[in-house]
There are 2 protein chains.
Amino acid sequence: MIHMEISLSILNTSDKPIYRQLYEQLAFQIVTGKLSGGTPLPPIRALANSLGISVISIKRAWEELERDGFIVTMVGRGCFAADLGDEERGSRRRELALGELRPSLASLRQLGLTKAELIELISENYDE
Amino acid sequence: MIHMEISLSILNTSDKPIYRQLYEQLAFQIVTGKLSGGTPLPPIRALANSLGISVISIKRAWEELERDGFIVTMVGRGCFAADLGDEERGSRRRELALGELRPSLASLRQLGLTKAELIELISENYDE
DNA sequence: ATATTGTGTATAACCAATATGCACAATCCT
DNA sequence: AGGATTGTGCATATTGGTTATACACAATAT
(Lines give C-alpha, C1' and ligand atoms only; values in the text may rest on other atoms or scores of the structure.)
Protein backbone atom coordinates (compact mmCIF):
# COMPACT_ATOMS: atom_id res chain seq x y z
CA MET A 1 0.00 0.00 0.00
CA ILE A 2 1.41 3.30 -1.05
CA HIS A 3 0.60 6.36 0.95
CA MET A 4 0.69 10.10 0.38
CA GLU A 5 3.23 12.51 1.72
CA ILE A 6 2.32 14.16 4.96
CA SER A 7 3.33 17.79 5.09
CA LEU A 8 3.08 19.60 8.38
CA SER A 9 4.52 22.93 9.38
CA ILE A 10 4.32 25.41 12.22
CA LEU A 11 4.09 29.15 11.80
CA ASN A 12 5.31 31.01 14.87
CA THR A 13 3.72 34.10 13.36
CA SER A 14 0.27 32.54 13.44
CA ASP A 15 -2.23 33.67 16.03
CA LYS A 16 -3.44 30.11 16.32
CA PRO A 17 -1.95 27.72 18.87
CA ILE A 18 0.30 24.97 17.57
CA TYR A 19 -2.16 22.16 18.28
CA ARG A 20 -4.80 24.03 16.31
CA GLN A 21 -2.52 24.54 13.33
CA LEU A 22 -1.74 20.84 13.26
CA TYR A 23 -5.40 19.90 13.61
CA GLU A 24 -6.43 22.03 10.67
CA GLN A 25 -3.61 21.00 8.38
CA LEU A 26 -4.31 17.34 8.94
CA ALA A 27 -8.09 17.58 8.84
CA PHE A 28 -7.92 19.63 5.64
CA GLN A 29 -5.58 17.17 3.95
CA ILE A 30 -7.87 14.32 4.89
CA VAL A 31 -11.17 15.77 3.70
CA THR A 32 -9.62 16.97 0.47
CA GLY A 33 -8.26 13.52 -0.24
CA LYS A 34 -4.63 14.63 -0.15
CA LEU A 35 -4.21 12.07 2.60
CA SER A 36 -5.74 8.71 1.87
CA GLY A 37 -7.32 6.56 4.54
CA GLY A 38 -4.87 4.37 6.41
CA THR A 39 -1.85 6.56 5.88
CA PRO A 40 0.31 6.35 9.02
CA LEU A 41 1.13 9.59 10.79
CA PRO A 42 4.69 10.10 12.00
CA PRO A 43 5.35 8.94 15.58
CA ILE A 44 4.58 11.84 17.87
CA ARG A 45 8.05 11.89 19.39
CA ALA A 46 9.77 11.91 16.03
CA LEU A 47 7.44 14.61 14.75
CA ALA A 48 7.89 16.70 17.88
CA ASN A 49 11.62 16.48 17.37
CA SER A 50 11.58 17.34 13.68
CA LEU A 51 9.22 20.27 14.18
CA GLY A 52 11.10 21.47 17.23
CA ILE A 53 8.01 21.44 19.42
CA SER A 54 6.73 19.54 22.42
CA VAL A 55 4.93 16.21 22.34
CA ILE A 56 2.09 17.84 24.23
CA SER A 57 1.02 20.01 21.33
CA ILE A 58 0.96 17.07 18.96
CA LYS A 59 -0.84 14.89 21.45
CA ARG A 60 -3.56 17.45 21.85
CA ALA A 61 -4.01 17.87 18.11
CA TRP A 62 -4.20 14.11 17.66
CA GLU A 63 -6.72 13.78 20.51
CA GLU A 64 -9.07 16.26 18.94
CA LEU A 65 -8.60 14.76 15.49
CA GLU A 66 -9.56 11.37 16.84
CA ARG A 67 -12.49 12.79 18.80
CA ASP A 68 -13.74 14.21 15.50
CA GLY A 69 -13.16 11.04 13.56
CA PHE A 70 -10.35 12.21 11.32
CA ILE A 71 -7.77 9.76 12.57
CA VAL A 72 -7.62 6.53 14.52
CA THR A 73 -4.89 5.76 17.02
CA MET A 74 -3.71 2.38 18.22
CA VAL A 75 -1.33 2.09 21.12
CA GLY A 76 1.95 0.53 20.10
CA ARG A 77 1.05 0.76 16.43
CA GLY A 78 0.65 4.42 15.69
CA CYS A 79 -1.93 6.83 14.33
CA PHE A 80 -3.54 6.64 10.93
CA ALA A 81 -5.72 8.76 8.74
CA ALA A 82 -9.31 7.58 9.07
CA ASP A 83 -10.85 5.84 6.10
CA LEU A 84 -13.71 8.10 5.09
CA GLY A 85 -15.88 7.28 2.14
CA ASP A 86 -16.19 9.82 -0.65
CA GLU A 87 -19.55 10.89 0.64
CA GLU A 88 -18.34 11.30 4.20
CA ARG A 89 -15.30 13.23 3.05
CA GLY A 90 -17.54 15.63 1.19
CA SER A 91 -19.80 16.31 4.11
CA ARG A 92 -16.93 16.73 6.54
CA ARG A 93 -15.27 19.11 4.13
CA ARG A 94 -18.45 21.13 4.01
CA GLU A 95 -18.64 21.06 7.80
CA LEU A 96 -15.13 22.41 8.12
CA ALA A 97 -15.83 25.12 5.59
CA LEU A 98 -18.92 26.21 7.45
CA GLY A 99 -17.00 26.15 10.70
CA GLU A 100 -14.53 28.59 9.19
CA LEU A 101 -17.20 30.76 7.72
CA ARG A 102 -19.80 30.98 10.47
CA PRO A 103 -17.98 33.30 12.89
CA SER A 104 -17.18 35.70 10.08
CA LEU A 105 -20.73 35.64 8.80
CA ALA A 106 -22.01 36.84 12.15
CA SER A 107 -19.63 39.80 12.07
CA LEU A 108 -20.41 40.58 8.47
CA ARG A 109 -24.10 40.76 9.20
CA GLN A 110 -23.28 43.04 12.10
CA LEU A 111 -21.55 45.24 9.57
CA GLY A 112 -24.80 45.40 7.68
CA LEU A 113 -23.62 43.56 4.61
CA THR A 114 -26.44 42.17 2.55
CA LYS A 115 -26.11 38.80 0.95
CA ALA A 116 -25.53 40.46 -2.39
CA GLU A 117 -22.85 42.75 -1.02
CA LEU A 118 -21.13 39.82 0.60
CA ILE A 119 -21.08 37.78 -2.56
CA GLU A 120 -19.66 40.71 -4.45
CA LEU A 121 -16.97 41.21 -1.84
CA ILE A 122 -15.97 37.59 -2.14
CA SER A 123 -15.99 37.63 -5.91
CA GLU A 124 -13.52 40.50 -5.87
CA ASN A 125 -11.25 39.06 -3.19
CA TYR A 126 -11.30 35.33 -3.65
CA ASP A 127 -7.90 35.36 -5.31
CA GLU A 128 -4.82 37.01 -3.76
CA MET B 1 -27.10 68.11 19.60
CA ILE B 2 -28.85 64.80 20.00
CA HIS B 3 -26.80 61.65 19.96
CA MET B 4 -27.50 57.99 19.44
CA GLU B 5 -27.64 55.33 22.08
CA ILE B 6 -24.41 53.50 22.71
CA SER B 7 -24.91 49.83 23.38
CA LEU B 8 -21.98 47.81 24.60
CA SER B 9 -21.91 44.34 26.07
CA ILE B 10 -19.44 41.67 27.06
CA LEU B 11 -19.84 37.98 26.40
CA ASN B 12 -17.77 35.89 28.76
CA THR B 13 -18.46 32.97 26.47
CA SER B 14 -16.72 34.67 23.57
CA ASP B 15 -13.31 33.48 22.49
CA LYS B 16 -12.34 37.07 21.83
CA PRO B 17 -10.71 39.21 24.53
CA ILE B 18 -12.80 41.93 26.09
CA TYR B 19 -10.89 44.80 24.49
CA ARG B 20 -11.44 43.22 21.11
CA GLN B 21 -15.17 42.80 21.65
CA LEU B 22 -15.46 46.45 22.59
CA TYR B 23 -13.37 47.54 19.62
CA GLU B 24 -15.53 45.70 17.16
CA GLN B 25 -18.85 46.75 18.62
CA LEU B 26 -17.88 50.38 18.55
CA ALA B 27 -16.16 50.34 15.17
CA PHE B 28 -19.13 48.52 13.66
CA GLN B 29 -21.63 50.97 15.09
CA ILE B 30 -19.60 53.87 13.75
CA VAL B 31 -19.11 52.67 10.17
CA THR B 32 -22.73 51.61 9.91
CA GLY B 33 -23.89 55.03 11.02
CA LYS B 34 -25.59 53.73 14.15
CA LEU B 35 -23.29 56.06 16.03
CA SER B 36 -23.07 59.57 14.62
CA GLY B 37 -19.87 61.60 14.68
CA GLY B 38 -19.34 63.53 17.90
CA THR B 39 -21.35 61.20 20.10
CA PRO B 40 -19.62 61.08 23.51
CA LEU B 41 -18.58 57.70 24.82
CA PRO B 42 -19.26 56.92 28.46
CA PRO B 43 -16.40 57.76 30.86
CA ILE B 44 -14.11 54.75 31.03
CA ARG B 45 -14.46 54.42 34.79
CA ALA B 46 -18.24 54.53 34.69
CA LEU B 47 -18.31 52.07 31.81
CA ALA B 48 -15.88 49.74 33.54
CA ASN B 49 -18.11 49.78 36.57
CA SER B 50 -21.35 49.21 34.71
CA LEU B 51 -19.88 46.38 32.63
CA GLY B 52 -18.17 44.85 35.64
CA ILE B 53 -14.77 44.89 33.98
CA SER B 54 -11.45 46.65 34.44
CA VAL B 55 -10.53 50.06 33.09
CA ILE B 56 -7.56 48.46 31.38
CA SER B 57 -9.65 46.56 28.88
CA ILE B 58 -11.60 49.66 27.94
CA LYS B 59 -8.47 51.76 27.72
CA ARG B 60 -6.91 49.33 25.33
CA ALA B 61 -9.99 49.18 23.13
CA TRP B 62 -10.17 52.98 23.05
CA GLU B 63 -6.45 53.23 22.21
CA GLU B 64 -6.81 50.99 19.21
CA LEU B 65 -9.99 52.69 18.11
CA GLU B 66 -8.21 56.05 18.18
CA ARG B 67 -5.17 54.63 16.43
CA ASP B 68 -7.49 53.51 13.65
CA GLY B 69 -9.35 56.80 13.49
CA PHE B 70 -12.70 55.63 14.81
CA ILE B 71 -12.76 57.85 17.86
CA VAL B 72 -11.00 60.92 19.20
CA THR B 73 -10.08 61.36 22.84
CA MET B 74 -9.45 64.57 24.73
CA VAL B 75 -7.99 64.52 28.21
CA GLY B 76 -10.38 65.97 30.72
CA ARG B 77 -13.21 66.09 28.20
CA GLY B 78 -13.84 62.53 27.16
CA CYS B 79 -13.88 60.36 24.05
CA PHE B 80 -16.10 60.89 21.04
CA ALA B 81 -17.05 59.03 17.91
CA ALA B 82 -15.00 60.36 15.02
CA ASP B 83 -16.81 62.38 12.39
CA LEU B 84 -16.39 60.35 9.22
CA GLY B 85 -17.89 61.44 5.96
CA ASP B 86 -20.29 59.14 4.16
CA GLU B 87 -17.57 58.13 1.75
CA GLU B 88 -15.04 57.43 4.48
CA ARG B 89 -17.60 55.43 6.44
CA GLY B 90 -18.24 53.29 3.41
CA SER B 91 -14.61 52.51 2.76
CA ARG B 92 -13.88 51.79 6.42
CA ARG B 93 -16.88 49.49 6.53
CA ARG B 94 -15.55 47.64 3.54
CA GLU B 95 -12.13 47.47 5.18
CA LEU B 96 -13.59 45.92 8.32
CA ALA B 97 -15.58 43.44 6.29
CA LEU B 98 -12.49 42.35 4.39
CA GLY B 99 -10.56 42.10 7.62
CA GLU B 100 -13.17 39.67 8.89
CA LEU B 101 -13.26 37.73 5.70
CA ARG B 102 -9.62 37.42 4.72
CA PRO B 103 -8.47 34.87 7.32
CA SER B 104 -11.42 32.63 6.53
CA LEU B 105 -10.80 32.93 2.80
CA ALA B 106 -7.32 31.53 3.21
CA SER B 107 -8.65 28.49 5.05
CA LEU B 108 -11.47 28.00 2.60
CA ARG B 109 -9.07 27.90 -0.30
CA GLN B 110 -7.02 25.39 1.66
CA LEU B 111 -10.17 23.31 1.80
CA GLY B 112 -10.27 23.43 -1.96
CA LEU B 113 -13.45 25.44 -2.27
CA THR B 114 -13.84 27.08 -5.63
CA LYS B 115 -15.25 30.55 -5.88
CA ALA B 116 -18.53 29.09 -7.07
CA GLU B 117 -18.71 26.59 -4.22
CA LEU B 118 -17.99 29.35 -1.74
CA ILE B 119 -20.69 31.60 -3.07
CA GLU B 120 -23.15 28.75 -2.95
CA LEU B 121 -22.18 27.97 0.63
CA ILE B 122 -22.78 31.55 1.61
CA SER B 123 -26.07 31.77 -0.21
CA GLU B 124 -27.33 28.80 1.76
CA ASN B 125 -26.03 29.95 5.13
CA TYR B 126 -26.26 33.71 5.14
CA ASP B 127 -29.35 33.64 7.30
CA GLU B 128 -29.57 31.73 10.61
C1' DA C 1 13.60 -9.84 24.65
C1' DT C 2 14.16 -5.38 23.03
C1' DA C 3 12.62 -1.53 20.57
C1' DT C 4 8.91 1.28 19.18
C1' DT C 5 4.64 3.74 19.90
C1' DG C 6 0.90 5.81 22.33
C1' DT C 7 -0.77 7.19 27.28
C1' DG C 8 -0.59 9.46 31.58
C1' DT C 9 1.15 12.43 35.05
C1' DA C 10 3.78 15.91 37.40
C1' DT C 11 6.28 20.07 37.19
C1' DA C 12 7.48 24.28 35.41
C1' DA C 13 7.89 28.37 32.36
C1' DC C 14 5.88 31.74 29.62
C1' DC C 15 2.76 35.10 28.10
C1' DA C 16 -1.55 37.55 27.10
C1' DA C 17 -5.45 39.32 29.31
C1' DT C 18 -7.40 41.20 33.16
C1' DA C 19 -7.96 43.33 37.73
C1' DT C 20 -6.83 46.83 41.48
C1' DG C 21 -5.04 50.86 43.20
C1' DC C 22 -2.86 55.11 43.18
C1' DA C 23 -0.84 59.38 41.41
C1' DC C 24 -0.83 62.86 37.65
C1' DA C 25 -2.67 66.09 33.88
C1' DA C 26 -6.16 68.49 31.58
C1' DT C 27 -10.70 70.17 31.56
C1' DC C 28 -15.28 71.30 33.35
C1' DC C 29 -18.41 73.44 36.61
C1' DT C 30 -19.77 76.44 40.22
C1' DA D 1 -10.13 79.76 42.80
C1' DG D 2 -11.45 75.19 44.00
C1' DG D 3 -13.52 70.83 43.69
C1' DA D 4 -15.25 67.37 40.52
C1' DT D 5 -14.70 64.88 36.30
C1' DT D 6 -12.04 62.63 32.74
C1' DG D 7 -8.20 60.59 30.48
C1' DT D 8 -3.16 58.92 31.31
C1' DG D 9 0.44 56.31 33.33
C1' DC D 10 2.54 53.10 36.26
C1' DA D 11 3.19 49.30 39.54
C1' DT D 12 1.59 45.02 41.13
C1' DA D 13 -0.88 40.85 41.07
C1' DT D 14 -3.80 37.07 39.41
C1' DT D 15 -5.58 33.97 36.17
C1' DG D 16 -5.72 30.73 32.43
C1' DG D 17 -4.16 28.77 28.19
C1' DT D 18 -0.25 27.05 25.78
C1' DT D 19 3.89 24.88 25.70
C1' DA D 20 8.06 22.44 27.38
C1' DT D 21 10.62 18.64 29.90
C1' DA D 22 10.92 14.39 31.99
C1' DC D 23 9.75 10.06 33.56
C1' DA D 24 6.94 5.84 34.13
C1' DC D 25 3.42 2.72 32.08
C1' DA D 26 0.80 -0.11 28.39
C1' DA D 27 0.41 -2.19 24.06
C1' DT D 28 2.39 -3.67 19.88
C1' DA D 29 6.16 -4.82 16.56
C1' DT D 30 10.31 -7.33 15.21
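For the numbers below, each heavy atom of this structure counts, side chains included, while hydrogens, waters and symmetry mates do not. We name chains A, B, ... by the order of the sequence lines, and we start the count at 1 in each one. In this text, all values refer to a predicted model and were calculated from it rather than measured experimentally.
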Test: A:Arg94 and B:Glu120 ion pair at under 4.0 Å: no
When the rotation axes relating C1' atoms of four end pairs to the next four are compared across the helix from C:dA1-D:dT30 to C:dT30-D:dA1, five pairs an end, they differ to 10° by 20°
Distances under 3.5 Å only, N/O to N/O: pair up the protein atoms with those of nucleotides 14-17 of chain D.
none

From C-beta outward on B:Ile56, which listed nucleotide comes closest to its side chain: D:dT19, D:dA11, D:dT6? D:dA11
Taking for each residue the nucleotide of DNA chain D with the nearest heavy atom, is it B:Trp62 or A:Val55 whose nucleotide lies nearer the 5' end? B:Trp62
Could you tell me how far apart A:Ile53 (CD1) and D:dA22 (P) are, to the nearest whole angstrom? 16 Å
Using side chain to side chain contact (heavy atoms under 4.5 Å, CB included), reason through B:Ser123 and A:Ile119 one step at a time and then give a plain yes or no. CA-CA 8 Å; B:Ser123 292; A:Ile119 290 180; 3.6 Å; yes
Partners passing side-chain contact (heavy atoms from CB on, under 4.5 Å) against A:Glu87 (at least two apart in sequence or in another chain): none
Please name all residues satisfying side-chain contact (heavy atoms from CB on, under 4.5 Å) with B:Ala97, sequence neighbours left out, ordered by chain then number. A:Leu108, A:Leu111, A:Leu113, A:Leu121
For A:Leu11 and D:dT18, give me the distance from atom CG to atom C1', rounded to whole Å. 17 Å
Listed once per pair and sorted, the salt bridge (Lys or Arg N to Asp or Glu O under 4.0 Å) pairs that draw on residues 70-86 of chain A, sequence neighbours left out: A:Asp86-A:Arg89
Using the salt bridge (Lys or Arg N to Asp or Glu O under 4.0 Å) criterion, which residues pair with B:Glu117? Sequence neighbours excluded. A:Arg93
Rounded to whole angstroms, how far apart are CG on B:Asn49 and C1' on D:dT5? 15 Å
When the side chains of residues 10-18 of chain B are checked against the rest of the protein, which donor-acceptor pairs come out under 3.5 Å, sequence neighbours left out?
| residue | atom | partner | partner atom | Å |
| --- | --- | --- | --- | --- |
| B:Ser14 | OG | B:Lys16 | N | 2.9 |
| B:Lys16 | NZ | B:Glu24 | OE1 | 3.1 |
| B:Lys16 | NZ | B:Glu24 | OE2 | 3.4 |

Euclidean distance, atom CZ of residue A:Arg20 to atom P of D:dT18 [Å, nearest integer]: 11 Å
Go through residues 72-80 of chain B and report each residue with a non-hydrogen atom lying under 4.0 Å from DNA chain C, sorted by number. B:Val75, B:Gly76, B:Arg77
Any residue meeting salt bridge (Lys or Arg N to Asp or Glu O under 4.0 Å) with B:Arg109, in chain and number order, not counting sequence neighbours: none
First and last nucleotide of DNA chain C in contact with chain B, 5' to 3', at under 4.0 Å to a heavy atom: what are they? C:dA17 to C:dC28
A:Leu118 side chain near A:Leu105 side chain, heavy-atom distance below 4.5 Å: yes
Whole angstrom is fine here: how far is it from CZ in A:Arg45 over to C1' in D:dC25? 11 Å
Hydrophobic clusters here meaning ILVMFWY residues chained together by side-chain heavy-atom distances under 4.5 Å, can you tell me if A:Tyr19 and A:Ile71 are in one? no
Return all side-chain donor-acceptor pairs below 3.5 angstrom for residues 44-59 of chain B, not counting sequence neighbours, or 'none' if the list is empty.
| residue | atom | partner | partner atom | Å |
| --- | --- | --- | --- | --- |
| B:Ser50 | OG | B:Leu47 | O | 3.2 |
| B:Ser54 | OG | B:Ile56 | N | 3.1 |
| B:Lys59 | NZ | B:Glu63 | OE2 | 2.6 |

With a 4.5 Å limit on heavy-atom distance, are the side chains of B:Gln29 and B:Ser7 in contact? yes
Which residues satisfy the side-chain contact (heavy atoms from CB on, under 4.5 Å) test with B:Asp68, sequence neighbours excluded? B:Tyr23, B:Phe70, B:Arg92
Rounded to whole angstrom units, what separation is found between the CD1 atom of A:Ile44 and the P atom of D:dA22? 16 Å
